[in-house]
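I have placed the structure first, in the form of structure tokens, so that the comments after it can refer back to it.
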Amino acid sequence: MLVNCVAYQEGKKLDDIPVEQISDYLLRPDCFVWVALKDATPEELAEMQHEFGLHELAVEDAHHGHQRPKIEEYGDSLFAVLHTIELTGDDLQQGEIAIFVGINYVLTVRTRSQRGFQEIRTRSEREPHLLKNGPSFVFYAVMDAVVDRYFPVLDLLEAELEGVEEQIFSKKILARDNIQRLYELKQKVMALKHAVAPLMEAATKLYGGRVPAVCFGTQEYFRDIYDHLYRINISIESIRDTVTTAIQVNLSLVAIEESEVNKRLAAWAAIFAVATAFAGIWGMNFKVMPELEWRYGYPTALTLMASVCGYLYYRFKKSRWL
């Protein structure tokens with residue numbers, strides 16, 4: 001679906017144009033076209049390929065989706081894939097945005113993502129001195145917007161982790177429930193990690209070494225994006241380490257809890273074993289047993305068993321087995 005198709009010249013918006021007129025505006029000096037698509041059909045991508053001369057491999061990647069974040073060069077143009085992560089309640093919704101950047105065009109193809117980039121276009125149009133840099137600045141603005149949207153997700157994950165940590169030693173919450181929540185949190189962290197780590201590696205191509213031609217003059221902007229990605233990646237690693245530690249602590253608590261139960265069972269088993277031993281001795285069917293004929297044998301036997309069991313209970317209680 002076509003969202004926007006706008007022509008710009010010397011940093012100023014000319015007009016919203018139909019797709020059929022794109023090639024006419026591409027011939028103008030200091031003019032570029034910015035097209036935005038959402039959940040593009042093969043026909044729409046084929047039309048854009050014809051208008052901009054896109055490489056067929058890049059178009060194929062944009063059509064099939066499910067690519068890892070990357071930035072690739074095709075001649076004097078760039079093709080980038082970024083993962084978008086949006087908050088839906090406490091859940092994360094993952095999408096993709098494919099970006100085609102040339103000397104005089106920018107094409108963004110948004111997939112499985114509800115939040116658009118209209119505010120980026122509006123902000124860029126208010127800064128014609130920056131938009132004058134052409135497609136490279138638009139490329140930066142879109143990348144910057146995607147990366148900035150990772151920060152609220154990171155804050156959510158940190159808050160969720162803090163909530164689980166506060167409940168680790170709570171008697172009201174079972175350790176097994178905490179482990180389940182931690183594993184769910186770990187899956188969210190890995191989703192963010194898969195979006196950030198490859199993109200951070202790819203972003204180094206845009207400001208250091210042999211910079212692509214379309215990025216000349218804007219290297220410092222892409223270095224700023226790399227710095228943001230680096231900060232996010234450090235925070236992700238910290239969260240991952242904390243989650244791993246929290247899982248180990250919870251597993252230890254489960255083992256300790258099971259050990260406490262086993263100690264209680266062993267203590268009660270020892271107490272009843274004594275009573276069973278006495279009862280077993282006096283319950284033997286021998287004819288000659290002095291205690292059977294003794295008048296106070298029965299109450300003495302009960303008193304002895306109760307005394308021994310009471311002493312064992314006292315010792316187990318003192319050693320915190322009961």
Side-chain angles (χ1 to χ4, degrees), residues 1 3-4 36-42 44-45 57-72 78-101 106-121 138-161 163-164 180-203 206 222 225-226 228-244 247:
M1 179 180 69
V3 179
N4 293 105
L37 299 177
K38 179 180 182 296
D39 297 324
T41 63
E44 289 174 326
L45 288 175
L57 292 178
V59 173
E60 183 180 354
D61 286 346
H63 170 58
H64 291 294
H66 301 287
Q67 303 291 317
R68 72 190 299 269
K70 60 182 179 179
I71 298 176
E72 297 176 337
L78 284 178
F79 172 67
V81 175
L82 286 71
H83 285 186
T84 60
I85 299 181
E86 301 171 354
L87 297 174
T88 306
D90 292 334
D91 297 327
L92 302 183
Q93 180 179 350
Q94 301 180 56
E96 286 184 18
I97 177 168
I99 309 174
F100 300 84
V101 187
V106 177
L107 169 64
T108 61
V109 182
R110 185 161 46 96
T111 307
R112 304 188 309 279
S113 176
Q114 298 301 318
R115 187 177 177 184
F117 296 93
Q118 182 59 44
E119 71 273 13
I120 309 304
R121 187 185 294 271
V138 175
F139 181 33
Y140 154 75
V142 175
M143 280 190 67
D144 186 57
V146 172
V147 173
D148 284 346
R149 292 176 185 179
Y150 293 154
F151 284 102
V153 177
L154 188 64
D155 293 339
L156 172 69
L157 297 178
E158 290 177 341
E160 188 173 346
L161 177 58
V164 177
Q180 181 178 353
R181 291 184 59 190
L182 287 168
Y183 269 101
E184 292 173 354
L185 177 59
K186 190 174 184 179
Q187 290 177 343
K188 296 177 183 178
V189 172
M190 289 306 299
L192 185 59
K193 175 73 174 179
H194 292 157
V196 171
L199 184 60
M200 183 175 66
E201 179 183 351
L206 304 179
F222 293 107
I225 289 178
Y226 175 83
H228 290 175
L229 289 170
Y230 181 79
R231 286 168 48 199
I232 294 172
N233 191 62
I234 291 296
S235 298
I236 289 173
E237 292 299 329
S238 176
I239 293 176
R240 287 180 63 189
D241 292 341
T242 306
V243 167
T244 301
I247 290 175

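It should be emphasised that the depicted structure is a prediction, and the values quoted were computed from it without experimental measurement.
- If you run side chain to side chain contact (heavy atoms under 4.5 Å, CB included) between I97 and each of V81, T84, T111, only T84 comes through.
- Shown here for L45 and A62, the closest heavy-atom pair between the two residues is CD1-C, 4.3 Å.
- One finds the OG1 atom of T108 at 7.0 Å from the CG atom of L37 (value rounded to the nearest 0.5 Å).
- Considering OG1 of T242 and CG of L161, their distance stands at 5.5 Å, rounded to 0.5 Å.
- Here the straight-line distance linking atom CE of M1 with atom CG of D39 works out to 7.0 Å at 0.5 Å rounding.
- In this pair, F222 and Y140 present their aromatic rings perpendicular. The plane angle is above 60°, beyond the 30 to 60° band.
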Under 3.5 Å, sequence neighbours excluded: what are the donor-acceptor pairs made by side chains of residues 144-151?
| from | atom 1 | to | atom 2 | distance (Å) |
| --- | --- | --- | --- | --- |
| R149 | NH2 | G116 | O | 2.7 |
| R149 | NH2 | E119 | OE2 | 2.6 |
| Y150 | OH | H83 | O | 2.4 |

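- Of the possible polar contacts, one joining the T244 side chain to the R240 backbone as a donor-acceptor pair under 3.5 Å is found.
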Atom pairs and distances, side-chain donor-acceptor, residues 184-201, under 3.5 Å, sequence neighbours left out:
| from | atom 1 | to | atom 2 | distance (Å) |
| --- | --- | --- | --- | --- |
| K188 | NZ | D90 | O | 2.7 |
| K188 | NZ | E160 | OE1 | 3.4 |
| K193 | NZ | N233 | OD1 | 2.9 |
| K193 | NZ | E237 | OE2 | 2.4 |
| H194 | ND1 | M190 | O | 3.3 |

Kindly determine whether E96 and R112 satisfy side-chain contact (heavy atoms from CB on, under 4.5 Å), including the steps that lead there. CA-CA 7 Å; E96 286 184 18; R112 304 188 309 279; 3.6 Å; yes

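- F79 contributes atom CZ, which lies 5.0 Å from atom CG of D61 (distance to the nearest 0.5 angstrom).
- Taking CG of L87 as the reference point, atom CG of L92 lies at 6.0 Å (rounded to 0.5 Å).
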